[in-house]
Q: 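Quick one: structure below, then a few questions.
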There are 2 protein chains.
Amino acid sequence: MTTATVHLSLSDAHALAVRILEHNGFSAAHAHAIADTVVAGERDGCASHGLYRVLGCVHTLKQGKASGDAEPAFHRMAPALLRVDAQQAFYSLAYQQAVPQLIEIAREQGIAAMGINNCVHYAALWRDIEAFTAAGLVAIACTPSHAWVTPYGGSQRLLGTNPFAFGWPRPDGRDPYIFDFATSASARGEIELHRRAGKPIPEGWGVDEEGNACTDAAKVLRGAQLTFGGHKGSALSVMIELLAGPLIADMTSRESLAFDGGKGKTLPMGGELVIVIDPKRFLGEYADQELARAETSLFKVMEDDGVRMPGARRYRNRAVSQQQGVDIPQALFDDLNALL
Amino acid sequence: MTTATVHLSLSDAHALAVRILEHNGFSAAHAHAIADTVVAGERDGCASHGLYRVLGCVHTLKQGKASGDAEPAFHRMAPALLRVDAQQAFYSLAYQQAVPQLIEIAREQGIAAMGINNCVHYAALWRDIEAFTAAGLVAIACTPSHAWVTPYGGSQRLLGTNPFAFGWPRPDGRDPYIFDFATSASARGEIELHRRAGKPIPEGWGVDEEGNACTDAAKVLRGAQLTFGGHKGSALSVMIELLAGPLIADMTSRESLAFDGGKGKTLPMGGELVIVIDPKRFLGEYADQELARAETSLFKVMEDDGVRMPGARRYRNRAVSQQQGVDIPQALFDDLNALL
């Protein structure tokens, strides 16, 4: 059986997303920013952060807990700190407007941090990082989500899938080194797929309601997911809750899920912390030499050794999509058009 | 069989370390700074970062590749960036002198980063972090080491055990939340212990010289160790190479091992990156309220759920050692005294 698909150029995909979002209550500015984000996901082959997310954005707006037109507000809390209040709207517009400000602050101060607050977060962090590597900066980003994950040794849902992302600019037109991974051992959707297929999940993905290790997908969905990497991944996930939660006066994953009435049916409300460093300020006249050394001492060794570089698949997909456009499932296309 | 031990008060342990270090060519300032570091390790029950390290410090100095008396130099590269040149000496003195400077910069700028360069790194990062949590600041630190670890999917030694540490200050006199973990799946010493005992090592600890998964300790010692957490831990370890290597113009783990002639017999020469954030600047008047929310929304839930807090063992050991002193193996005591 083949799945029927619909072919769209990137500009058609963008126009479709904008039309749906505007029709469903988003301002033009928000609709364009969200469309930029989801078309980038679709373009790079990340379907779960692609046009599919338009459905979630519209659903979340209709639940009445988010704004479709709020203007972001910017607060320079300290010389090297920027707080961006998205005012309960979707984070893309606030993020887009904040990027040039944060680049300027990082170049001036050497390092800068941004907390983006009170936003619906629905996108992958690698794209947030690319905005800074493209400017020659090093960046770290993290965000909590809905609390489906228990810390190592626990049984209570406390942590989100909590992605952590890092980017390093590479010279001579090379794609940046960017990784972006969930600190959960698996995506919730993968467990759901196992449940539907009646298959056990791998060990280490989750625990039952009593906190016992468990490979029964249904029981883990009622219990809690686990982090990757045992106590180390768990510690990282707690760090993300702190950095992108209380440090920027925003919700933890548990608070975000509670805000949603414990259902997880809307997109997570929360914050994101971004730290940006300018290598040119740390290194002065040696910056080019040191970036070149990262190539010879690290990346070339990895490439010669056959190590897969994070993001390689995204960059390949991007090159193809920019030439040929994208194919999306007919069912998704129909669901999108049903919103018009 | 019981191991013979020698009982020392913390001040006697400190005096012994200072005496040995001074007798073997360290300046008084360096001897005191190193003694502070190793006695803190011994006090907290981290024997591998305790008095035992005095042997490695003396051995490394005698190899002629490090200085026992260089004065650290400080360079404010940008308003929020500090570079500390340890001038080929052991990092403790440079670190101690840098701490008050970095605290002041973080309070002024909101966030600050420090690169500590050209140093022999021989201590655990949790203690470096404590200097900042004690001042009410949030901190992240990382350092490369000697390259015994291959990236996920590789076979070549490229990465160090590369620890990553994070600290969060807790209110009301509570011990700070500090984790500090190696990004390698295991310590090299643990593999050596398995080899001596003729026992296989757990899956996931290493690969043989061809890069094949392997549980033979001897083959893994000739091959390469693996990171924790598959491709995610590997990505973190690469990040640490970049942040505490080329970003601060210092050696990667591979370069540090090459500097040592590929033997790994001396302590790693390299750098450390520290990022410090002042919650009071990010949060203004809401700082106390948000730190209190971290307690109720995260730490209390973890504690009620029976989750072990990182560092708990260290704080328990510390309380005992401060009252009763420490017991060190007779063999270590003899090895130390042989240096006098």
Side-chain angles (χ1 to χ4, degrees), chain A residues 77-81 83 108-113 115 138 150-156 158 166 168 177 179 181 183 228-233 235 238-239 241-243 245-249 252 254-255 275 277-279 281-284 286 290-291 293-294 297-298 301-302 305-308 310, chain B residues 77-81 83 108-113 115 138 150-156 158 166 168 177 179 181 183 228-233 235 238-239 241-243 245-249 252 254-255 275 277-279 281-284 286 290-291 293-294 297-298 301-302 305-308 310:
Chain A
M77 304 299 289
L81 295 182
R83 270 183 65 189
E108 181 186 294
Q109 305 294 325
I111 184 171
V138 174
T150 191
Y152 185 74
S155 64
Q156 299 300 305
L158 178 65
F166 168 78
W168 177 271
Y177 176 85
F179 67 76
F181 60 72
T183 51
F228 90 102
H231 71 94
K232 297 178 181 181
V238 171
M239 176 186 82
E241 294 287 334
L242 291 164
L243 289 179
L247 181 64
I248 60 172
T252 63
R254 196 156 175 262
E255 290 164 340
I275 296 172
I277 307 174
D278 186 354
R281 297 307 302 272
F282 238 136
L283 295 164
Y286 298 102
E290 291 298 313
L291 288 175
R293 194 163 60 85
S297 295
L298 284 166
V301 181
M302 290 166 71
D305 198 21
V307 173
R308 197 184 74 79
Chain B
M77 304 299 289
L81 296 183
R83 270 183 66 189
E108 180 186 294
Q109 305 295 325
I111 184 171
V138 174
T150 191
Y152 185 73
S155 64
Q156 299 300 306
L158 178 65
F166 169 78
W168 178 271
Y177 177 86
F179 67 76
F181 60 73
T183 52
F228 89 102
H231 71 93
K232 297 178 182 180
V238 172
M239 175 186 83
E241 293 286 335
L242 291 163
L243 289 179
L247 181 65
I248 60 171
T252 64
R254 198 156 174 262
E255 290 164 340
I275 296 172
I277 307 174
D278 186 354
R281 297 309 301 271
F282 239 137
L283 295 163
Y286 298 102
E290 291 299 313
L291 288 175
R293 194 162 60 83
S297 294
L298 284 166
V301 181
M302 291 166 70
D305 198 21
V307 172
R308 197 184 73 81

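Just so it is clear: chains get the letters A, B, ... in the order the sequence lines come, proteins before strands, and each one is counted from 1.
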Q: Kindly give the heavy-atom pair with the smallest separation between B:A235 and A:F181, and that separation in Å.
A: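 Taking B:A235 first and A:F181 second, the nearest heavy atoms are CB-CE2, 4.4 Å.
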Q: If we only count heavy atoms from C-beta on, is the B:P151 to A:R308 side-chain gap below 4.5 Å?
A: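 In short, these two side chains do not touch, never coming nearer than 4.5 Å.
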Q: Answer whether the closest heavy-atom distance between the side chains of B:L158 and A:D305 falls below 4.5 Å.
A: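 No, too far: nothing below the 4.5 Å cut-off.
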Q: Is there a side-chain contact between B:F166 and A:V238 (heavy atoms, below 4.5 Å)?
A: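 Counting from C-beta outward, B:F166 and A:V238 never come under 4.5 Å.
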Q: Please state whether the side chain, the backbone, both or neither of A:P310 comes within less than 4.5 Å of a heavy atom of chain B.
A: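 Contact with chain B is absent: no heavy atom of A:P310 under 4.5 Å.
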Q: So which atom in A:G233 and which in B:F228 form the shortest heavy-atom distance, rounded to 0.1 Å?
A: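 For A:G233 versus B:F228, the nearest heavy atoms are N-CE1, 3.9 Å.
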Q: Compare every heavy atom of A:I248 with every heavy atom of B:L283, then report the nearest pair and how far apart it is.
A: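 Scanning both residues, the minimum pair turns out to be CD2-C, 4.0 Å.
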Q: Are side-chain heavy atoms of B:R281 and A:P79 found at a separation under 4.5 Å?
A: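 Answer yes - side chains close enough.
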Q: Looking at every non-hydrogen atom in both residues, tell me the closest pair between B:V301 and A:R254 and how far apart they are.
A: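 Of all heavy-atom pairs spanning B:V301 and A:R254, the closest is CG2-NH1, 3.3 Å.
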Q: With a 3.5 Å distance limit and no angle check, can you tell me whether B:R83 reaches the backbone of A:F282 through a side-chain donor-acceptor pair?
A: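 Side chain of B:R83 to backbone of A:F282, a donor-acceptor pair under 3.5 Å: yes, one is there.
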Q: Which value, rounded to the nearest 0.5 Å, describes the distance between B:M239 atom CE and A:Y177 atom OH?
A: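 Between atom CE of B:M239 and atom OH of A:Y177 there are 9.0 Å.
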Q: If every non-hydrogen atom of B:A294 is compared with every non-hydrogen atom of A:L242, which pair is closest and at what distance?
A: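 Taking B:A294 first and A:L242 second, the nearest heavy atoms are CB-CD2, 3.8 Å.
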Q: What part of B:Q109 is in contact with chain A, defined as an atom under 4.5 angstrom from a non-hydrogen atom: side chain, backbone, both or neither?
A: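 For B:Q109, heavy atoms of backbone and side chain both lie under 4.5 Å from chain A.
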Q: Using a 4.5 angstrom heavy-atom cutoff, name the option from B:L243, B:D278, B:L291, B:T183 with the most pairs to chain A.
A: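 So the answer, after comparing B:L243, B:D278, B:L291, B:T183, is B:L243.
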Q: Indicate yes or no: at least one non-hydrogen side-chain atom of B:I275 is less than 4.5 angstrom from one of A:I277.
A: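 Yes, their side chains come closer than 4.5 Å.
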Q: What closest approach, in Å, do B:E255 and A:S297 show between heavy atoms, and which atom pair accounts for it?
A: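 That would be OE2-OG, 2.6 Å.
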Q: Quick one: which of B:V138, B:V307, B:T252, B:L81 has the most heavy-atom pairs under 4.5 Å with chain A, could you say?
A: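 Of the options given, most contacts go to B:L81.
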